[in-house]
Amino acid sequence: MKIGLIVGSLREDSYNMKIAKAVKEMLDGDVKAEIIDIKNIPFYNADLEGDNLHPEFKRIREEVRNYDAFIFFTPEYNRSFAPAAKNVIDIVSVDPNGSGISGKPATVFSASIGGMGGLAGNLALRQVFVNVNLIPMQKPEIYLANVGDCFDENGKLLDKTYDYVKKAADAFVDFARKFA
């Protein structure tokens, strides 16, 4: 099984990117996880379709088709999720060759420096899943509150956070296998 990791925060050293990198390393066996690069994708614009197809639209659509399932990692921005994640969903879901995400399992890991762990952003992103026919994992829900306190001085997840994230990642793999 191949799982695409989509990180809504574009900052290289973001907490969500660190968590995604940890998840990539903790999944094993026949599961491959890769971080999908979304940094250079322009905002969706119909003028960049058809004969003027933007190369990044083409690239992301082709890449996303290769994954069986997706984990989205998002901070919370103004009680919603990262716009970069929405942009990817918009571009991929309107592919003239058919959506590369429709009917595939997905979940959201949200992390925030605040005390609610990106709850509002997580739920807002899950709401979008319904409209593009991503199949959301219902439980466990993954919210990492006060995320700056989840790492040691070397930038590695603390054991208790590692165990929590690993359990959630494994639960998602089990969930995704039902659809792959």
Side-chain angles (χ1 to χ4, degrees), residues 1-9 11 14-36 38 64 66-86 88-89 92-93 99-152 155-180:
M1 179 182 327
K2 193 169 176 187
I3 299 176
L5 308 176
I6 299 174
V7 182
S9 176
R11 190 171 59 86
S14 78
Y15 291 119
N16 281 278
M17 180 59 79
K18 288 179 180 181
I19 295 164
K21 287 177 179 177
V23 167
K24 178 182 176 189
E25 296 303 315
M26 65 180 60
L27 294 176
D28 53 18
D30 67 336
V31 178
K32 282 191 79 141
E34 296 294 332
I35 295 171
I36 299 172
I38 65 170
V64 164
N66 294 318
Y67 292 96
D68 302 304
F70 303 95
I71 301 175
F72 288 80
F73 299 83
T74 189
E76 183 173 297
Y77 295 155
N78 297 317
R79 298 289 186 250
S80 194
F81 60 95
K86 176 70 162 61
V88 169
I89 291 169
V92 172
S93 67
S99 172
I101 57 176
S102 181
K104 295 182 180 180
T107 197
V108 181
F109 286 31
S110 59
S112 171
I113 58 172
M116 293 178 51
L119 172 74
N122 188 308
L123 296 176
L125 181 50
R126 291 166 54 86
Q127 187 175 26
V128 172
F129 287 1
V130 174
N131 292 310
V132 296
N133 199 34
L134 279 166
I135 304 167
M137 179 176 75
Q138 301 301 321
K139 297 283 183 188
E141 297 175 282
I142 301 89
Y143 312 106
L144 292 164
N146 305 307
V147 69
D149 298 334
C150 295
F151 297 89
D152 67 17
K156 292 181 71 177
L157 286 175
L158 296 174
D159 288 345
K160 66 179 183 176
T161 305
Y162 181 94
D163 293 344
Y164 172 69
V165 171
K166 173 77 168 131
K167 184 176 178 182
D170 288 344
F172 179 68
V173 169
D174 291 342
F175 172 79
R177 284 188 197 286
K178 296 174 186 171
F179 300 94

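Numbers here simply count residues along the sequence, with the first being 1. All values below were derived from every heavy atom in this structure, side-chain atoms included, with hydrogens, water molecules and symmetry-related copies excluded. The structure displayed is predicted, hence computed values, not measured ones.
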Phe81 vs Lys86 side-chain heavy atoms within contact, under 4.5 Å: yes
Side-chain donor-acceptor pairs under 3.5 Å in residues 169-180, sequence neighbours left out?
unit_1, atom_1, unit_2, atom_2, d
Asp170, OD1, Lys166, NZ, 3.1
Asp170, OD2, Lys166, NZ, 3.3
Arg177, NH1, Asp30, OD1, 3.4
Arg177, NH1, Asp30, OD2, 3.2
Arg177, NH2, Asp30, OD1, 2.9

Pairs satisfying salt bridge (Lys or Arg N to Asp or Glu O under 4.0 Å), at least one member in residues 133-144, at least two apart: Lys139-Glu141
Any donor-acceptor pair under 3.5 Å from Lys104 side chain to Tyr67 backbone: yes
Separation of Leu144 CG from Ile19 CD1 (nearest 0.5 Å): 4.5 Å
Distance, nearest 0.5 Å, that separates OG1 of Thr161 from CG of Asp152: 10.0 Å
Separation between CG of Leu157 and CE of Met26, rounded to the nearest 0.5 Å: 6.0 Å
Euclidean distance, Glu34 CD relative to Leu5 CG, rounded to 0.5 Å: 8.0 Å
Asp159, CG atom: more than 12 neighbouring heavy atoms under 6.0 Å: no
Selection residues 68-77 - residue pairs positive for side-chain hydrogen bond (donor to acceptor under 3.5 Å, both in side chains), sequence neighbours left out: Glu76-Arg79
Cut-off 3.5 Å, no hydrogens considered: what does the side-chain donor-acceptor table look like for residues 128-138, sequence neighbours left out?
unit_1, atom_1, unit_2, atom_2, d
Asn133, ND2, Ser102, OG, 2.9
Gln138, OE1, Arg126, NH2, 3.2
Gln138, NE2, Pro136, O, 3.4

Lys156: partners by salt bridge (Lys or Arg N to Asp or Glu O under 4.0 Å), with sequence neighbours left out: none
Test log, rule side chain to side chain contact (heavy atoms under 4.5 Å, CB included), inputs Ile38 and Val7: CA-CA 8 Å; Ile38 65 170; Val7 182; 5.9 Å; no
Quiz: residues 108-125 side-chain donor-acceptor pairs under 3.5 angstrom, not counting sequence neighbours:
unit_1, atom_1, unit_2, atom_2, d
Ser110, OG, Gly117, O, 2.8
Ser110, OG, Gly118, O, 3.3
Ser110, OG, Asn122, ND2, 3.2
Ser110, OG, Ile142, O, 3.4
Ser112, OG, Gly114, N, 3.0
Asn122, ND2, Val108, O, 3.4
Asn122, ND2, Ile142, O, 3.1

Intermediate values then yes/no, side chain to side chain contact (heavy atoms under 4.5 Å, CB included), Val147 and Asn16: CA-CA 9 Å; Val147 69; Asn16 281 278; over 6 Å; no
Residues, nucleotides or ligands: over 12 heavy atoms within 6.0 Å of Lys2 NZ: yes
